[in-house]
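Data first, discussion second: the structure below is written as structure tokens.
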Amino acid sequence: MKKVFGLMILVMVFSISLFAQEKAMEKHATDADKVANFDSEGKIKRGAAIGKSKKVPLSKVLKDPAKYEGKSVRVNGFVVRSCKSEGCWAELGAEKDSKQTIRVNMKDHAFFIPLESAGFKVSTEGVFSVKTLSKEEVKHFTDEGAKFENLNEDGTVTVVSFLASGIELSEE
């Protein structure tokens, strides 16, 4: 009985330490991530280098998003608004004041864009999907500055989402 009890405690301690390690590995934006520091080319580069995938006009994707679902592509546009907490997402439109946007999330929450990115020109590479955000996700994103035009009656919203592996921003 003592061996079983000891084994149970050992398993519990091991499980707790794994959970603590996973939490410690979650990346959060640093102060340097949150500000716009342009390189000598006038760009801010975050995540993986971009340029390997086929370039597709954002306006074309917005007309038929399902056609690009699951495909790795490059798109250009402008940040319409972004996360005001960490810079972990952005809404990207074909123009600076676009009403129709895609939701860009940074892959694995591994990199971030400056908090004041609205208006910056963007080139990004990643994978499209069309998904429905839960009522809780909608609230979370609106608390961080997001806007949703077509909420469903139950508080959910269907969005064109883009998981960015890399992103480059410039002032134009």
Nearest heavy-atom contact between L115 and G87 is CD2-N, 3.4 Å
On a heavy-atom basis, the closest approach of V80 and A118 is O-CB, 3.7 Å
Is a side-chain donor or acceptor of [X] paired with a backbone partner of [Y] at a separation under 3.5 angstrom?
X    : Y    : result
N152 : G155 : no
R46  : L169 : no
S129 : V160 : no
S98  : T101 : no

Enter the distance from [X]:[atom1] to [Y]:[atom2] here, rounded to the nearest 0.5 Å.
X    : Y    : atom1 : atom2 : result
F112 : S85  : CZ    : OG    : 9.5 Å
D33  : I113 : CG    : CD1   : 11.0 Å
S165 : F111 : OG    : CZ    : 6.5 Å
L163 : T124 : CG    : OG1   : 9.0 Å
T156 : E137 : OG1   : CD    : 10.0 Å
I167 : L92  : CD1   : CG    : 7.0 Å

Do [X] and [Y] belong together in a cluster built from hydrophobic side chains that touch within less than 4.5 Å?
X    : Y    : result
V159 : F128 : no
V79  : V35  : no
V104 : V75  : yes

Cut-off 3.5 Å, no hydrogens considered: what does the side-chain donor-acceptor table look like for residues 143-151, sequence neighbours left out?
{"from": "D143", "atom 1": "OD2", "to": "K139", "atom 2": "NZ", "distance (Å)": "2.9"}
{"from": "E144", "atom 1": "OE1", "to": "W89", "atom 2": "NE1", "distance (Å)": "2.6"}
{"from": "E144", "atom 1": "OE2", "to": "H140", "atom 2": "NE2", "distance (Å)": "3.2"}

Quick note, salt bridge (charged side-chain N to carboxylate O under 4.0 Å, His left out) partners involving residues 121-136, not counting sequence neighbours, are none
For [X], which residues count as a salt bridge (Lys or Arg N to Asp or Glu O under 4.0 Å) partner, sequence neighbours excluded?
X   : answer
E86 : none
K96 : E172
E91 : R81, R103

| message | Please determine whether the number of non-hydrogen atoms from other residues, nucleotides or ligands lying under 6.0 Å from atom NZ of K84 exceeds 12. | response | yes
**Heavy atoms from other residues, nucleotides or ligands near NZ of K107 exceed 12 (cutoff 6.0 Å)** = no
Name every donor-acceptor pair, under 3.5 Å, that has one atom in a side chain of residues 55-73 and the other anywhere in the protein, sequence neighbours excluded.
{"from": "E69", "atom 1": "OE2", "to": "V130", "atom 2": "N", "distance (Å)": "3.3"}
{"from": "K71", "atom 1": "NZ", "to": "K67", "atom 2": "O", "distance (Å)": "3.1"}
{"from": "S72", "atom 1": "OG", "to": "S53", "atom 2": "OG", "distance (Å)": "2.8"}

